[in-house]
Structure formats: C-alpha cells, structure tokens
Protein chains: 2
Amino acid sequence: MPAPPAATPAAFIQQRNLVDQVADYLTQAIIGQRFAPGERLSEVQLARDLGVSRAPVREAARLLESRGLLVSQPRRGFFVRALDAGELADIFDLRLCLERHAMERLAGACPPEALAALRRQVEMLCEASGSGDESRRIEEDLAFHRLLIASAGNRRLLRTFEDLAHELRLCITLITKTHEAPDSIAESHHLLLDALASGDGPRCREAIDYHIGVARDSVVQSIEGARE
Amino acid sequence: MPAPPAATPAAFIQQRNLVDQVADYLTQAIIGQRFAPGERLSEVQLARDLGVSRAPVREAARLLESRGLLVSQPRRGFFVRALDAGELADIFDLRLCLERHAMERLAGACPPEALAALRRQVEMLCEASGSGDESRRIEEDLAFHRLLIASAGNRRLLRTFEDLAHELRLCITLITKTHEAPDSIAESHHLLLDALASGDGPRCREAIDYHIGVARDSVVQSIEGARE
DNA sequence: ACCGCTCAAACTGTCGACAGTCGTCAATCG
DNA sequence: CGATTGACGACTGTCGACAGTTTGAGCGGT
C-alpha cells in the first residue's frame, strides 16, 4: 500500500484503529506472498501473532474479502484468494472497461494540468523503474493509472478501480520477472498521453486497449509459464 | 432482495448466520427508507432492537459500508449514505460504463439462449410492472440488467454491477413516482434486445446509452423536483 | 442573549469467554 | 481391506464487559 498522501490529513492520523492496521498487515502479507494462495487463515493464530483480539482480525478480514483478497466460507473461515486463469482474464477485462471509459471521457476534454500531472507521474514511474525496487515500480505504475482514472472526475469509477487495484496487485505477484527497460515503460505510457493530447477518441481507445493488452499478456504468460 | 431460489440447496441452509441476517435487515430498512439519509445508526440500539449482540451488527455494517449503503467515521460510527447530485451522476455513469462493456462483448456474439433468457426476463418485468408492486418492478428491472451483464461472461464485471446495484436501489428510492406504463417499459427493453440481435455494435451502444440516460434523467429529475 | 467550559451519559473500540460446528483420525464393522 | 462411526481437538459465531472517546446538556462568565 503506497500510503497515499492521505486525501485528508485526518485520515492519516486516524489510522490508529486496529482494524485498519490489521487490514494493512494482511494486505501486505498477501500481496507479498507471505501467505500461499488458497491458504486458510486462522483468526486465533493471526490474533495471537499480532497481539490483538479476534474482533479486529475478523473485521479486517471482512474488509479484505470485500476487496477480493480473501474469500470466506461460512463456519470454515477465511482463505487467501487463489486466482485461476479465467478470473485473471476477467480482472483485466474489467480493468479495460474502466480505463477505456476514463480515456473516452478525457479524450478531447483533458485539462492541461491533468495532462501535466500524468506526465509527472510517468517520470516518477521511470525513476522507480530504474531504481530496481520492483514493488515501488508496481505502485508507481498503478498510481499512474489511478491518476488517469481520477482525471475523468468520477469518484465512483475511481473507487471501483481502487477495489480492482488490490486484485491487480495479487495478479502482478504472479509474475516472476518483468525486467522491462525503463525506456520501454516510459514509451508505452507516453503513447497513452499522446493519444489523450491528440483528443482523438478512437486513437485513445486503441492506445488503452493495447496498453492493457500488453499488461494482461505478460501476466497470463507468466502464470502459464509457471504452470508446469 | 428477492431471495433467489438457492442455486444450491446448501446455500439455503447456510443463510442462518446473524451477520447476513442483520445485513439483510439493514439493507431492507435503508432502501425502504426506514432510516433517513445521513442518519446515524447506533450499534447498541440496533443490537437491542434485533436482539443480538454488537459483534454481528458491526460486521454487517462493515459489509454494507463496502456496498456503499453506509459510511463510517472513526470513533463516531455508521451513517446512512446520503447521495448528492454529483454522486448520483457518478453512479449512473459507472453503470453506463459497465453495461456498455457488456453490450459490446455481446454484440455479434450473443448466444441464442442468452437472448431467450433476456426475453423471458422482460416478460417477468412487464408482469411485475402491471402488478402495481413497485419494489417488485424495481427488482425485476435490476434482474434484467443483471442478466444482461451476466451474459457477457465476466464474473468480476458482474460482481461490480451487483455492488453498484445496491447503490442503484438507494437512488431509485429517491424517485417519488414513475408509474411508467408496462408497454413503455417493455418497449424500452426490447430496443436493447433488438440491438443485440442485430449484432450491430454502434447500434448496441446507442441503445444502452439511451436506456441508461432515461433512467438517470428520471432519478435526477426526481431529486431536483424534491429539492424545493 | 451569546459564548466557552465542565461533566455526565452514551457510544465505539477492544477484549476474553462460552457454545456449537467442522475436520481429523483412530477404532469398529461389514 | 475399505467404509462407517464416534470422539477429540481446533476453530468460528456470538456474547457481555471494560476502557477511552465523543456528544450534548447544563452552567457560569461576558
């Protein structure tokens, strides 16, 4: 979790309730693959490990369930979400749906300052990409797409994307290695910006279709490569 | 919530945990406007009223929060979600995004049995519309759109729509009266089916844009009419 | 009359405990 | 030897209680 610059300062200070802390811990542990996919999580053991009671653990687990990181079976408890190839395709298809919509809303009506902010974000992404810190690169990449969608001005759309982003992180952990060159990453994102700047609707659509397609293929390839 | 005929018998038995029961009660109470928008819900009072302890109430409230029916403020509790005009527009814009995507996926590749199922659903909708039971009409209408999206074959897309549907119910409660003629409802839905059957992509898009636009306008009009 | 302060009531966050349920594994029966 | 049953252990669902915080009413000062 990139510790977003806290839309409201209070939100950051208020982080001190156990439910959120446990949720953050679990999120990190899951996308950091410290729990195996499909693994059962025991409430009591988690509570013991974290030094808290079961109530916050249960509530945090419900939160993660709504975000698609855990699944619950009645009377059996919570399990780490295990994605099959079909679910993976669905996730990227929904991502395409959301980003297409944002691109379309933005095409031709993209405020210059939004474009500038997106350009800055690409730079941060390149920097992260060069740093060798893989998880930072992933977060900066997601931050770019988050910004893209936020620029469309629909907060509900943004919330849906943020929910989905948790599952995307889960997908991305499946990738063994990308080691894409920083130049290539910069270029693929600049293609999106250029399309936006041109104001050409179909071109925007084509650009985002290609971009998401590449991301999806790299995950699918990884998961199929790891199959045998 | 129409208590679906329990796809699997086991699912019917399992409904007996308090969290789900409390969640159902709260959902009904909220979309039935038995709580005012923005009203604060006291955990202890709800627990007393329902004859359960606070734990299931808290977990149910978190569930409803993830569905957008409640919002929580740390240390202050849960409040019934109050929608302003902007959020309302966002919700319908996301709905458009999702249904467009489904229509597009279906255009040209819609299995005949899916089309048949959609036709049957329109008939049920007409029947409900003629019955004068408003809440039943709403559920059948949502069921149609749910089926439309389900036909696209993306379960993640469907889940997103179902989450959104809860908020749509919240929107629809704002409408004082629709009393649309059953014939008109039938026709507006048949337009969608005809577009699908034609396999013409742009026509599909136009049809769904129009359909959602009408729904949005009727809600927006209602909320603005009720303003003064 | 208006504003700030104090304090009690109510509420949320968290905890530990109990009861019922599920999975496991050994003993039993065909 | 395979299938069934029963008991044991671990775990989830639920509960009541305590501590710290928020709220709102009452009070005193301006």
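Chain naming here is simple, since letters A, B, ... match the order of the sequence lines and numbering starts at 1 in each.
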**Prompt:** Does a donor on one side chain and an acceptor on the other come within less than 3.5 Å for B:N154 and B:H101?
**Reply:** no
**Prompt:** Taking atom C1' of D:dT12 as reference, at what distance in whole Å does atom CG of A:L70 sit?
**Reply:** 15 Å
**Prompt:** What's the CD-C1' distance between B:E65 and C:dT12, to the nearest Å?
**Reply:** 14 Å
**Request:** Report the distance from atom CZ of B:R40 to atom P of C:dA10, rounded to the nearest whole Å.
**Result:** 13 Å
**Message:** What is the separation between atom CG on A:L18 and atom C1' on C:dT14, rounded to the nearest whole Å?
**Reply:** 7 Å
Determine all donor-acceptor pairs shorter than 3.5 Å in which one atom belongs to a side chain in residues 59-66 of chain B; sequence neighbours excluded.
residue	atom	partner	partner atom	Å
B:E59	OE1	A:R58	NH2	3.4
B:E59	OE1	A:R62	NE	2.7
B:E59	OE2	A:R58	NE	2.8
B:E59	OE2	A:R58	NH2	3.4
B:R62	NE	A:E59	OE1	2.7
B:E65	OE2	B:S72	OG	3.0
B:S66	OG	B:L63	O	2.7

**Request:** Would you please name every residue forming a side-chain hydrogen bond (donor to acceptor under 3.5 Å, both in side chains) with A:D217, sequence neighbours left out?
**Result:** none
**Asked** Quick one: side chain to side chain donor-acceptor pair (under 3.5 Å) pairs with a partner in residues 46-55 of chain B, sequence neighbours left out?
**Response** B:E43-B:R54
**Message:** Rounding to an integer number of Å, can you tell me how far B:D20 CG sits from D:dT14 C1'?
**Reply:** 14 Å
**Request:** Look at the side-chain N and O atoms of B:R76 and state whether any lies under 4.0 Å from the OP1 or OP2 oxygen of D:dT23.
**Result:** yes
**Fill in**
Numerically ordered, the residues 42-61 of chain B set in heavy-atom contact under 4.0 Å with DNA chain D is B:V52, B:S53, B:R54, B:A55, B:P56
**Prompt:** To the nearest Å, how far apart are B:F78 CZ and D:dT22 C1'?
**Reply:** 16 Å
**Prompt:** Mind checking what makes ring pair (Phe, Tyr, Trp, His ring centres under 6.0 Å) contact with B:F144, not counting sequence neighbours?
**Reply:** B:H189
**Asked** Rounding to a whole Å, what distance do you find between B:N17:CG and C:dG20:P?
**Response** 17 Å
**Item:** Listed partners of A:E99 passing side-chain hydrogen bond (donor to acceptor under 3.5 Å, both in side chains), at least two apart
**Value:** A:R95, A:H145
**Item:** Length of the line joining A:Q73:CD and C:dT21:P, which is rounded to integer Å
**Value:** 18 Å
